[in-house]
Amino acid sequence: MLKKKIIFLIGPTAVGKSAIAIHLAKKINAEIISCDSMQVYNSMDIVTSQPGCAQKKKLKHHLLGVIKPAKEYNVARYRKDALSICGKLFSKGKLPLFVGGAGLYYSVIIDGIFPSSPENKLIRARLYKQLSLKGNKYLYGKLSKVDPLSAKKIHPNDARRIIRALEVYMEAGLPISVLQKSRVGLGNEYEIKVFALNTNRQVLYDKINQRVDKMFNSGLVNEVRSLLNHKLSKTALCAIGVRELEGYFNGRYTLDEARRLIQRNSRRYAKRQLTWFRKDKRIEWINIRDKETAGEVAKRIWKKLF
RNA sequence: GCCGAGAUAGCUCAGUGGUAGAGCGCGGCCCUGAAAAGGCCGGCGUGGGGGGUCCGAUUCCCUCUCUCGGCA
């Protein structure tokens, strides 16, 4: 019995995933499921550099611009949403093609997520209060007592993870390090193919810088200005470009400085993405050659599929 | 041509008679409900060339080259 196939096309920001994905999807009768934590939002088309209408028309894209910026979104929701779409695609006889650069989102689809309760606002608020009052060492000490395994893994300065670990412990009564062991991936049920795109670092950085310039030319400033006029969830607020422009709106620095910061933060993001993907041995790397078109790259990937 | 200032990490610069630091940039890494987030680690660089003083010079002196500013 042949296993059903799921394909991933991942890679750092601005490397050219979207265009290649469309070529590939057409060849293999697939639909695209976005694997991105920010492109789920609507009204943020320019900052998140979502595939434009033209591209969306060519091919069905899922989980693109489906959430209002006032709403929070997270990995667990993503997993639920994405897997449900995945099932629907199979029943239609289509292949799912996951495309994006969010390492954690990718990992949670392919390797699963440990069962736990969602964020508990009350507990979390209390922990953050303790953090500001007594400092991270205090919380770290607390974690060391209830979950030494996690404490060993988490750096004492990584307040966010310390708090999450404590929250889970308080909520579930079990250490997060124990719960994390139980996760069920897709590997048994499906045949998984993962391709990651990459280019020479300097070329990638040039592409990133140029893309940011393009964003400015297509109205980035106005988009973010009107975005900031409404309530923004803490997750939507994290999109690169929002905070950087906020500083400009507040008169803390010039527009050129905002541009510089957006470019720099995007470069650093790409670097972190590559670090994340590098250690994953299931990935087959596709190095985009000089002057190679999206169609040509898609063809190379396609040949590796069958 | 003359006067002055400078030449130190990829960039901008600090400092010291006992072979050098900071910011930015950059590189590596961690990652399970905020992940475009959050956290950790990383600086031997002919101290412009040559000569001198000194036990010892990047630091003092001389000279050359170059850069910048001013005067002609």
Side-chain angles (χ1 to χ4, degrees), chain A residues 10-14 17 34-41 44 46-50 67 69 71-81 100-121 123-124 128 131 136 139-140 149-150 152-168 171-172 175-185 201-202 204-205 208-209 211-212 215 224 232-245 257 260-280:
Chain A
I10 59 184
T13 187
K17 297 182 291 292
S34 162
C35 183
D36 192 291
S37 62
M38 290 301 157
Q39 293 187 359
V40 287
Y41 286 112
M44 296 177 69
I46 301 169
V47 246
T48 65
S49 51
Q50 280 181 33
I67 305 285
K71 295 274 182 200
E72 285 184 10
Y73 200 75
N74 62 47
V75 231
R77 278 198 63 184
Y78 174 73
R79 181 178 148 86
K80 211 175 131 211
D81 294 345
L104 181 62
Y105 282 25
Y106 153 75
S107 130
V108 138
I109 293 296
I110 193 166
D111 294 319
I113 191 169
F114 75 93
S116 114
S117 38
E119 168 182 357
N120 181 322
K121 297 244 183 210
I123 293 180
R124 218 175 260 202
Y128 270 102
L131 175 71
N136 49 3
L139 288 182
Y140 188 72
L149 227 72
S150 292
K152 214 179 145 190
K153 229 174 91 177
I154 301 171
H155 191 278
N157 289 347
D158 201 346
R160 201 173 277 191
R161 286 202 171 74
I162 296 171
I163 285 175
R164 171 65 184 154
L166 285 171
E167 174 191 51
V168 168
E171 183 84 356
I176 193 172
S177 57
V178 171
L179 293 167
Q180 279 175 341
K181 283 178 189 150
S182 54
R183 71 195 298 202
V184 182
R201 186 68 60 96
Q202 196 49 56
L204 180 65
Y205 282 2
I208 289 173
N209 296 156
R211 176 146 99 179
V212 172
M215 283 158 65
V224 174
L232 263 187
S233 66
K234 73 177 178 202
T235 43
L237 202 57
C238 285
I240 294 176
V242 175
R243 289 220 169 94
E244 292 85 345
L245 279 170
E257 176 64 3
R260 213 204 96 236
L261 289 172
I262 293 171
Q263 288 173 328
R264 184 198 66 185
N265 293 342
S266 302
R267 270 180 264 135
R268 303 226 265 226
Y269 170 50
K271 184 166 134 33
R272 269 181 279 127
Q273 288 176 299
L274 286 167
T275 299
W276 179 285
F277 294 138
R278 214 156 15 218
K279 68 180 170 194
D280 191 323

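Labels below follow one simple rule: chain letters A, B, ... track the order of the sequence lines, proteins then strands, and each chain is numbered from 1. All figures in this text were calculated on a predicted structure; none of them were measured in a lab.
- Rounded to whole Å, the P atom of B:rU8 lies 14 Å from the corresponding atom of B:rC68.
- The phosphate of B:rU32 (OP1 or OP2) has no side-chain N or O of A:S107 nearer than 4.0 angstrom.
- In this entry the distance linking CZ of A:R164 with C1' of B:rA37 reads 15 Å, nearest Å.
- If A:N265 and A:F114 are placed on RNA chain B by their nearest nucleotide, the residue sitting closer to the 5' end is A:F114.
- For the atom pair A:L274 CG and A:I10 CD1, the distance stands at 10.0 Å (nearest 0.5 Å).
- For A:Y105 and B:rA37, a side-chain-to-base donor-acceptor distance below 3.5 Å is absent, hydrogens and geometry of angles not being considered.
- Side-chain N/O atoms of A:R161 and base N/O atoms of B:rA35 include a donor-acceptor pair closer than 3.5 Å.
- The phosphate of B:rA35 has neither OP1 nor OP2 within less than 4.0 Å of any side-chain N or O from A:R272.
- Nearest to the side chain of A:R160, among B:rG38, B:rG27, B:rA35, sits B:rG38.
- Taking atom CD1 of A:I154 as the reference point, atom P of B:rG38 lies 17 Å away to the nearest angstrom.
- The side-chain hydrogen bond (donor to acceptor under 3.5 Å, both in side chains) search around A:N209 returns none, not counting sequence neighbours.
- Every ring pair (Phe, Tyr, Trp, His ring centres under 6.0 Å) that A:Y106 has, sequence neighbours left out, goes to A:F8.
- With a cut-off of 3.5 Å on both pairing distances, the Watson-Crick or G-U wobble partner of B:rC26 is B:rG42.
- Side-chain nitrogen and oxygen atoms of A:R77 include none within less than 4.0 Å of the OP1 or OP2 phosphate oxygen of B:rG33.
- Nucleotide B:rG1 forms a Watson-Crick or G-U wobble pair with B:rC71, both donor-acceptor distances falling under 3.5 Å.
- Straight-line distance from the NE2 atom of A:H155 to the C1' atom of B:rC29: 12 Å, rounded to whole Å.
- The partner of B:rG6 is B:rC66, judged by Watson-Crick or G-U wobble contacts that both fall below 3.5 Å.
- The distance from atom CD of A:E119 to atom P of B:rG33 is 11 Å, rounded to the nearest whole Å.
- Rounded to whole Å, the distance from OH on A:Y106 to C1' on B:rU32 is 14 Å.
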